[in-house]
Every structure is written in C-alpha cells, then in structure tokens.
Amino acid sequence: MKTHKFVAAAAASALALTLAACGSGSGEGGGGGDEPYIAIVSKGFQHQFWQAVKQGADEAAAEQGARVTFVGPATEQEVEEQLNMLTNDLAKNPDAVGFAALDSKAAAPLLDQAQAQDIPVVAFDSGVDSDIPVTTVATDNKAAAAEAAKNMAEELGGEGTVAMVVHDQTSSSGTDRRDGFREWMEANAPGITVLDPQYGGGDQLTSANITKSIISSNPDLDGIYASNEGSAIGVINGVRESGADGLTVVGFDSGQAQIDAINDGTMTGAVTQDPIDMGRQLVEAATKAINGEELPETIDTNFYWYDKDNIDSPEIQAAIYE
C-alpha cells in the first residue's frame, strides 16, 4: 500500500487558516472553462484532518482534470458561516458541490437551491437530512465508534465508568459516533457505565475544560472517549492538566498530538479514518456525477484502530496524517 503522509508545518498551518476564509484553488467563477469545477465546503480547516481531505481532493482533481476550491469555517461550531460559504459557492455555479454539513438539517434550503440549479451535491464526512445528495462519501461512523468502544472495554476488563466528549449533536458524524460507542457498550459490556455525553464543539480548549470538570466530578472515572480530533486533543490536554493518573483514553482521528499521546501513554489508542482517501473519493464521485454516471447511495471509506502495538504498520502509516 502506498503510504501517504500529510505534513503540517507551521507555515502550512498559517496558510490553511488564510485559505479557510477565502478558499483555495484557481479562479473565482464557476463553469465556462474546459475543466469541471467542483466547490468543496468542509466543516472546518483548523484540524489536520480537513487539510488531509483537501490533499486527497487536490490529488484526485489533478488526475481527473478537474478544478476544486476548498473552504471551511474557522471552527466546527460556525454553522451560519458554513452556510454562507455554501451560498457563495452556489453563486459561482459550479459543476458539482462537495458538502460536509455541520448541521444536517440547517442546509436543507441551500440543497434545494443546488437541485434547482441542476448542481449535483456529494455529501462527505457527514450525511444530511435530504435525498438531494447523489451519494455520501463517509466513514461508517457507528461501526468505527463501536470499534473504539470494543477496545476501551478490553482495556478496562469489562468493568468501570466511562465518560464521552463528543464534538456535536447536530451532524450525523457526531450523533453516529456517540450512539455507536454507547450502543456497543450497552450490548456487549454491561459492567461498564457510560456517563451522559458532554459536547465540546470539537474545540480543544472547550473539550479540555469539560474533561477537567468530568474528572473532578467523577472520582471513580476509569476512561474517556473523544469523538474527533479536536475533542481528543482537548481530552488529552484536560487529563494532563488535571494530573489524573490511570485513565484509559480512546479517541477518533490521528493528528500529530494524538500520535504523540499514544506514544507517551496518555492515550491508549484511537480510530483513524482515511481522510486522504475520503478527499480522493469525493472528487471522483463528483466527477462521475457531472458526467451523469450512477452512484451508490453511500461510498464507505476506511477506518482502522491503532495503538502502540500497530502504529508503525504500513496499513496504519498509510492512514494517519502527521
């Protein structure tokens, strides 16, 4: 398997924040050139995950002879800003749109507009409450969360109390990663009590503060599950800042801070998606939609559990994004 590595140096991070506001790619208009134009609106740009999705989209666009722009709000809590970005991109009359909804219901009027403009929409990362997207390119988030729960239960020996720090309750990825974890525990680990989820918006500072509050309020706590990159980094920081020892922390995604935490023992392990593959499949699906080809209802991208034991394996190295 070819290994993809996503390098996020300080200069690239600064550039990404600039692009989050103004988008990326060449040109401002929509159709009219020989190459198809695909406008991509992500949930954010501050996490390495989204930058890796962009990398995969750029790679596929170069191979497909397409042009892409990629935008996202500064944080994953800015639903209105994301909708403004989608509105702006629809005004450019692209040949297709890729959309990762922060709120699976709020975008419905804009999806209706895309349909009226005859612009195919490819949902990615999270689905939307609509039949308009021609397909959804996403990880099976319930199955991935169940994998995190299984590994948490094994680490705890099937007994204990576990907290959840979830990135949101408005996107399907947030609800699926919450429910997939909780439902697996209820069905398979009756000796583990799962506390009510706390929502940090995927923000590192908010998630760290939530983590410290959970730890101080639950002296019998044995573990914490974090549902995305920002949540996981926040949990890692909160555990360190609280001085808590012996907690089992499992997470989602695989940015550098999580990799470091696994290597130093703060985090037991995590489920990594394959964001580069997600970006590639998004553009490939959009290109097929532009050409009038039939697409399946969903396109399932990969996920893997990784920890100290397998982090250096070729399979995992191909999916993590340092």
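In this chain, numbering begins with 1 at the start of the sequence shown. What you see is a predicted model; the values in this text were computed from it and never measured.
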Considering only heavy atoms from C-beta outward, does the side chain of [X] approach that of [Y] to under 4.5 Å?
{"X": "Val250", "Y": "Trp305", "result": "yes"}
{"X": "Thr287", "Y": "Asp95", "result": "no"}
{"X": "Glu297", "Y": "Thr135", "result": "no"}
{"X": "Tyr304", "Y": "Val271", "result": "no"}

Around atom [atom1] of [X], are there more than 12 heavy atoms of other residues, nucleotides or ligands at under 6.0 Å?
{"X": "Asn291", "atom1": "CG", "value": "yes"}
{"X": "Asp131", "atom1": "CG", "value": "no"}
{"X": "Glu80", "atom1": "CD", "value": "no"}
{"X": "Glu294", "atom1": "CD", "value": "no"}

Ion pair [X]/[Y], N-O distance below 4.0 Å:
{"X": "Asp277", "Y": "Arg280", "answer": "no"}
{"X": "Lys150", "Y": "Glu154", "answer": "yes"}
{"X": "Lys43", "Y": "Asp125", "answer": "yes"}

Open item on the list: Hydrophobic clusters here meaning ILVMFWY residues chained together by side-chain heavy-atom distances under 4.5 Å, can you tell me if Met267 and Ile320 are in one?
Closed with: yes

Task: Pairwise distance CD1(Ile224) to CD1(Ile236) - rounded to 0.5 angstrom - done: 10.5 Å

- [ ] Kindly compute the distance separating NZ (Lys105) from OG (Ser172), expressed to the nearest 0.5 Å.
- [x] 12.0 Å

Under 3.5 Å, is there a donor-acceptor pair between the side chain of [X] and the main chain of [Y]?
{"X": "Asp222", "Y": "Thr161", "value": "yes"}
{"X": "Thr170", "Y": "Leu102", "value": "yes"}
{"X": "Lys212", "Y": "Ser242", "value": "no"}

- [ ] Go through the steps to decide whether Ser231 and Asn228 satisfy the test side chain to side chain donor-acceptor pair (under 3.5 Å), and finish with yes or no.
- [x] CA-CA 5 Å; Ser231 304; Asn228 78 342; 2.7 Å; yes

- [ ] Could you check Asn151 against Glu155 for side chain to side chain donor-acceptor pair (under 3.5 Å), going step by step and ending with a plain yes or no?
- [x] CA-CA 6 Å; Asn151 281 275; Glu155 187 70 18; over 6 Å; no

